[in-house]
Amino acid sequence: MAKTQQERAEALYRIPWTAYNNANGWIEPTNHCQLRCPGCFRGVCEDDHVAEHVDLAEMKSQVEFFISERNVQNISIGGGEPLLYPQLDELIAHITATGTNSFLFTNGLQLDEERLTRLKQQGLNKVCIHIDKFQQRDGIVDENDANRLRAQYCEMFRRVGGIKLGFIMSISRRNMDDIEILAPFFIENSDIVDLVTFTVYKENLPGKTLKDSLSYPYEELIERVERAFDLDYCAYIGKILNQDIAWIYAATLYRNGKKKGSFSSEAFKNIQENHLEECGRYLFEPPDLWSKKLVDQKIYRQSVILIDSPDWTPEGWNLCDGCPDSMYINGKLVPSCLLERVKKGEDIQTR
């Protein structure tokens, strides 16, 4: 019998991040993008989308807020497409100078070996690339085509070295069967693919309604990924109005594409709490020294994260508890996935 979210939660470590003691901050220097991905939280796929860059001084101010007021270890840079931001190198260099990690979320269209090397020189720690068959990229019809493109990025990152690679995509009823195509690819490339993230496809834009037929139940996604990757979940982030799971984590160890073990809930808890005690803040990424010891043994950790963004309920938005992807906008901390609603006047704040 399939487990309910509550049953799973009872066996997992609940990550205790809060609005103002969190491991991650989210910034968006631009909402320009070359693609019109279905379900884009920023509404790039909508006809009324207005593209603009944010002033660098404002971006630096947001970074300082996350460091001083949210106690973050990491700054995630999203968009839009951040590689279109004219002052991206300077922004990353600023984050590096603060002693904070930086992750770039990109569609990869403007990412080549020269650009990746320059980003590495500025101190960028990780790149997470969104590729899927719905983006209308040339030559991509299905996920097998998409995997061939992903393989090109894997080779690029192997050649450059010293910078981590992840992939992210949304899952709906239109592509749920692709999980069995994706899992073997990511496992085979676990020496370079550090992170795999799947998000539940849903409509969070104001005035828009997603067809129910596209929605894929989160519980089914959790079970399907568990089987396809043969993984063990170890931790989760909850939701504020009930016992549901918002983010669920697995961390698996591989050697030569073969599973060697998994992080237990207790291990994940110890890593988080020890880092908080020793360094005064929670951990978004494993310590470099610890990671290096594994790599020296040709053992690689691959994290898999499944995300279920907030749902509207009669009691209000059922937000992720201590959302890691919150943005600091007009003096408020708001979930990035609901930013367009905040712009329209809704009072939504991270808790």
Side-chain angles (χ1 to χ4, degrees), residues 13 23 73-74 96 101-106 108 111-117 119-121 123-129 131 143-144 146-169 179-198 225-235 248-272 274-275 278-279 283-306:
Y13 170 60
Q73 183 218 12
N74 182 76
T96 302
N101 288 352
S102 56
F103 292 174
L104 185 74
F105 288 77
T106 174
L111 189 64
D112 56 21
E113 195 164 325
E114 180 182 355
R115 187 75 173 101
L116 180 60
T117 300
L119 292 170
K120 175 185 172 182
Q121 291 169 346
L124 185 67
N125 298 94
K126 179 184 285 187
V127 177
C128 195
I129 304 177
I131 298 172
E143 283 304 326
N144 289 305
N147 275 344
R148 283 188 281 273
L149 177 58
R150 293 184 184 103
Q152 294 176 24
Y153 285 107
C154 289
E155 288 304 315
M156 181 196 304
F157 276 72
R158 288 185 181 104
R159 289 193 300 269
V160 172
I163 188 165
K164 298 174 182 177
L165 172 63
F167 289 100
I168 184 171
M169 63 182 293
I179 292 172
E180 283 74 23
I181 298 172
L182 293 162
F185 173 85
F186 290 132
I187 293 171
E188 179 182 351
N189 290 280
S190 54
D191 66 300
I192 195 67
V193 178
D194 175 85
L195 172 67
V196 179
T197 301
F198 296 119
V225 169
E226 183 178 39
R227 292 194 302 269
F229 282 80
D230 184 28
L231 54 72
D232 302 298
Y233 297 110
C234 59
I248 191 166
Y249 289 73
T252 308
L253 302 177
Y254 294 99
R255 175 186 281 152
N256 297 325
K258 303 295 183 181
K259 182 178 177 181
K260 302 301 292 184
S262 301
F263 277 45
S264 67
S265 297
E266 189 65 25
F268 197 99
K269 175 182 178 180
N270 289 339
I271 289 172
Q272 283 288 333
N274 288 343
H275 195 270
E278 294 172 8
C279 302
L283 194 63
F284 200 67
E285 275 289 286
D288 289 338
L289 180 61
W290 179 85
S291 297
K292 184 177 184 305
K293 288 180 179 178
L294 285 181
V295 173
D296 286 345
Q297 303 174 58
K298 299 190 183 302
I299 296 175
Y300 302 93
R301 174 196 52 83
Q302 184 179 90
S303 296
V304 175
I305 303 175
L306 314 183

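Counting begins at 1 with the first residue of the sequence. Atom set for the values below is all heavy atoms of this structure, side chains included, hydrogens, waters and symmetry mates excluded.
Interatomic distance, I187 CD1 to T252 OG1, rounded to the nearest 0.5 Å: 8.0 Å. Here the NZ-CG distance, from K164 to L124, works out to 11.5 Å after rounding to the nearest 0.5 Å. To the nearest 0.5 Å, the span separating CD1 on I179 from CD on E226 amounts to 12.0 Å. For the atom pair CZ (R301) and CG (D194), the distance works out to 4.5 Å, reported to the nearest 0.5 Å. Rounded to the nearest 0.5 Å, atoms CG (N144) and CG (L149) are 13.0 Å apart. Atoms CG and OH, from N270 and Y13 in turn, are 9.0 Å apart once rounded to the nearest 0.5 Å.
Put simply, the side chain of E143 never gets that close to the backbone of I181: no donor and acceptor are under 3.5 Å apart. Put simply, the side chain of Y249 never gets that close to the backbone of F268: no donor and acceptor are under 3.5 Å apart. A donor-acceptor pair under 3.5 Å is formed between the side chain of S265 and the backbone N or O of C234. For N125 (side chain) and F103 (main-chain N/O), no donor-acceptor pair under 3.5 Å exists by modelled atom type. Judged by distance alone, with hydrogens and angles left aside, the side-chain atoms of K260 form no donor-acceptor pair with the main-chain N or O of I299 at under 3.5 Å. Remark: the backbone N or O of Q297 is paired with a side-chain donor or acceptor of R255 at under 3.5 angstrom.
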Exercise for the section: With side chain to side chain contact (heavy atoms under 4.5 Å, CB included) as the test, would you mind laying out the steps for L111 and L119 before giving the verdict? Expected result: CA-CA 10 Å; L111 189 64; L119 292 170; 4.0 Å; yes

Practice task
Any chance you could lay out the side chain to side chain contact (heavy atoms under 4.5 Å, CB included) test for F186 and V304, step after step, and finish with the verdict?
Solution key: CA-CA 10 Å; F186 290 132; V304 175; over 6 Å; no

Exercise for the section: Please assess K120 against E113 for the test salt bridge (Lys or Arg N to Asp or Glu O under 4.0 Å), listing each intermediate value before the final yes or no. Expected result: CA-CA 10 Å; K120 175 185 172 182; E113 195 164 325; over 6 Å; no

Practice task
I would like to know whether R150 and L182 meet side chain to side chain contact (heavy atoms under 4.5 Å, CB included); could you show each step before the answer?
Solution key: CA-CA 10 Å; R150 293 184 184 103; L182 293 162; 3.4 Å; yes

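Partners of R158 according to the side-chain contact (heavy atoms from CB on, under 4.5 Å) rule, which considers only residues two or more places apart in sequence or in another chain, are C154, E155, N189, D191, I192.
The heavy-atom pair separating S102 from G123 by the smallest distance is OG-O, 3.9 Å. Closest approach of K126 to L165, counting heavy atoms only: CG-N, 4.3 Å. For the residue pair A250 and L231, the shortest heavy atom distance occurs at CB-CD1, 3.9 Å.
Looking only at side-chain heavy atoms (C-beta outward), K298 and N256 stay at 4.5 Å or farther from each other. V225 has its side chain within reach of Y233: a pair of non-hydrogen atoms, C-beta onward, lies under 4.5 Å apart.
Relative ring orientation between F167 and F185 is described as perpendicular, the plane-to-plane angle rising above 60° on a 0-90° scale split at 30° and 60°.
Other residues, nucleotides and ligands contribute at most 12 non-hydrogen atoms within 6.0 Å of the NZ atom of K269.
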